[in-house]
Amino acid sequence: MSFLYQKVFRPLLFKMEPETAHEFGVRALELVAQSRLLRNIVGTLSRKKSKEGSIEAFGLDFPNRVGQAAGLDKDGRFPAASSAIGFGHIEVGTVTPKAQPGNPKPRLFRFAKEEALVNRMGFNNQGASELTKRISSTFPKGLRSVPLGINIGKGKATPVEDAFEDYAACFRTVMKQADYITVNISSPNTPDLRKLHQTNYLEPLLKSLRDLRRSLSQERKSPPCLLKISPDETFSQIEELVGRAMDYEFDGIIACNTSVNPPLSMQRQCLPEGGISGKPIDFKSTEVIRFINQITQGRISIIGSGGVYDAESAQRKLDAGACLLQLYTSFIFRGPFWPSKLARALPLAKGW
């Protein structure tokens, strides 16, 4: 099936404008999600469990280490299909309190030779309430075979000083259907969002989110909360950021989001504005994972995201300290059976 994707379907998709191809793929996965027969057929072809059995992280059980990164399914349109094709966890979003169209098109760019994408999508989504309603109907909590994370962000028009209100509104809306929640402060495509990495914005945000979780836990248990960070910060900034996240009871770090600093392999090209994902950021994201693991001595769970393009790059991130992985760009380049193939290829990582 991978051969068929590489030789037939990918060439057809790659003749399309990237966002058009993405929407075509989303609709195909929606069809799989809506059909039990198709899910069973796909599930038979994609074995979900890895050689090592289930993995535990931040209080949840995962059938394998390979997850779906946020951005692939912004509105929760096909998580049942993602589960069937072998993802060991699924992260949907990024979602904002209200629907917003995102940035003007074109806003997604493909670099086939480098196995990379550049995007400036800008959190285009249908809003937190719509996503939660859809998930509760099509992939409800308690009836899943894999954990579902929901990635939340601030609206484009919201001043960075008021970011907590957006995160709080999203958190309250999605928490009943989320197995975990990711707080995204690292997209380069929403104005001023990355300012939230700065201590004067970061500390009040994380403290307020901790207080919110504590207050909500009086009514029902709050899901685990993760922080998704930028790969473009200095190590001293990352140390400060991770330390604050641990102080304020975050359960994990996703390292990393897309990068706005092109690697040497892409610096000679005239790149569009946006965040780079895929193979070119493998080294950078792995080094961030390694640094976080060293400074925390393994006391916080790390999900490795950014540049997982084959079994070797995946293993490097696990050896650096990640306990789970997430895919986006390599899924586009390698096709729907890539998650299960990668999960089966990974031996037990060092230290786990």
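These figures come from a predicted structure and were not determined experimentally.
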Atom [atom1] of residue position [X] - does it have more than 12 heavy atoms of other residues, nucleotides or ligands inside 6.0 Å?
{"X": "Tyr201", "atom1": "OH", "result": "yes"}
{"X": "Phe24", "atom1": "CZ", "result": "no"}
{"X": "Lys141", "atom1": "NZ", "result": "yes"}

*Only one of Phe58, Phe62, Phe171 forms a ring pair (Phe, Tyr, Trp, His ring centres under 6.0 Å) with Tyr180, so which one is it?*
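The residue from Phe58, Phe62, Phe171 that satisfies ring pair (Phe, Tyr, Trp, His ring centres under 6.0 Å) with Tyr180 turns out to be Phe58.
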*Passes salt bridge (Lys or Arg N to Asp or Glu O under 4.0 Å), Arg120 versus Glu273? Steps please.*
CA-CA 7 Å; Arg120 51 170 181 257; Glu273 181 181 350; 5.3 Å; no
If you take all heavy atoms of [X] and [Y], which pair is closest and at what distance?
{"X": "Pro104", "Y": "Arg107", "answer": "O-CB, 3.6 Å"}
{"X": "Leu346", "Y": "Gln315", "answer": "CD2-OE1, 3.9 Å"}
{"X": "Ser186", "Y": "Asn257", "answer": "OG-ND2, 2.9 Å"}
{"X": "Ile254", "Y": "Thr182", "answer": "CD1-OG1, 3.6 Å"}

So, [X] and [Y]: side-chain donor and acceptor under 3.5 Å apart, yes or no?
{"X": "Ser277", "Y": "Thr329", "answer": "yes"}
{"X": "Arg194", "Y": "Ser230", "answer": "yes"}
{"X": "Thr234", "Y": "Gln237", "answer": "yes"}
{"X": "Thr94", "Y": "Asn151", "answer": "yes"}
{"X": "Thr173", "Y": "Thr132", "answer": "no"}
{"X": "Gln6", "Y": "Arg334", "answer": "no"}
{"X": "Asn189", "Y": "Asn119", "answer": "yes"}
{"X": "Ser208", "Y": "Asp211", "answer": "no"}

*Does a side-chain heavy-atom distance below 4.5 Å link Leu226 with Val183?*
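Side-chain contact under 4.5 Å: no.
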*Report yes if the side chains of Gln100 and Gln126 come closer than 4.5 Å at any heavy-atom pair, otherwise no.*
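The answer is no, as the side chains (C-beta and beyond) never meet within the 4.5 Å cut-off.
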_When you group the ILVMFWY residues by side-chain heavy-atom contacts below 4.5 Å and let the links chain together, are Phe283 and Ile302 in the same group?_
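As far as the 4.5 Å side-chain criterion goes, Phe283 and Ile302 are not connected within one cluster.
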*With hydrophobic residues grouped by side-chain heavy-atom distances under 4.5 Å, do Phe250 and Phe291 end up in a single group?*
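Yes, same cluster.
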*Centroid-centroid under 6.0 Å between Phe87 and Phe331 rings*: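 When the ring centroids of Phe87 and Phe331 are compared, they turn out to be within the sub-6.0 Å range.
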*Given Glu91, Gln68, Arg65, the one that forms side chain to side chain donor-acceptor pair (under 3.5 Å) with Gln326*: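 Only match with Gln326 under side chain to side chain donor-acceptor pair (under 3.5 Å): Glu91.
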Would you say [X]'s side chain and [Y]'s backbone share a donor-acceptor pair under 3.5 angstrom?
{"X": "Ser330", "Y": "Leu327", "answer": "no"}
{"X": "Tyr167", "Y": "Asn184", "answer": "yes"}
{"X": "Arg213", "Y": "Glu249", "answer": "yes"}
{"X": "Asp179", "Y": "Leu148", "answer": "yes"}
{"X": "Ser340", "Y": "Phe337", "answer": "yes"}

_Distance to the ring centre below 6.0 angstrom and angle to the axis at most 45 degrees; does that hold for Arg10 and Phe333?_
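Ring-cation test returns no.
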*Measure from NZ or CZ of Lys279 to the centre of the six-membered ring of Tyr309 and say whether it is under 6.0 Å with the direction within 45° of the ring axis.*
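Yes, a cation-pi geometry holds between Lys279 and Tyr309.
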*Report the residue from Pro223, Pro224, Ser222 that forms a side chain to side chain contact (heavy atoms under 4.5 Å, CB included) with Asp251.*
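Of the listed residues Pro223, Pro224, Ser222, the side chain to side chain contact (heavy atoms under 4.5 Å, CB included) partner of Asp251 is Pro224.
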*Take Asp282 and Lys317, measure what salt bridge (Lys or Arg N to Asp or Glu O under 4.0 Å) needs, and give me the verdict at the end.*
CA-CA 9 Å; Asp282 169 34; Lys317 286 176 171 53; 2.6 Å; yes
_Check this for me: does any side-chain nitrogen of one of Glu30 and Arg27 sit under 4.0 Å from a carboxylate oxygen of the other?_
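Result for this pair is no, no salt bridge flagged.
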_Could you check whether Glu23 pairs with Arg77 (Lys NZ or Arg NE/NH1/NH2 to Asp/Glu carboxylate O, under 4.0 Å)?_
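Salt bridge present between Glu23 and Arg77.
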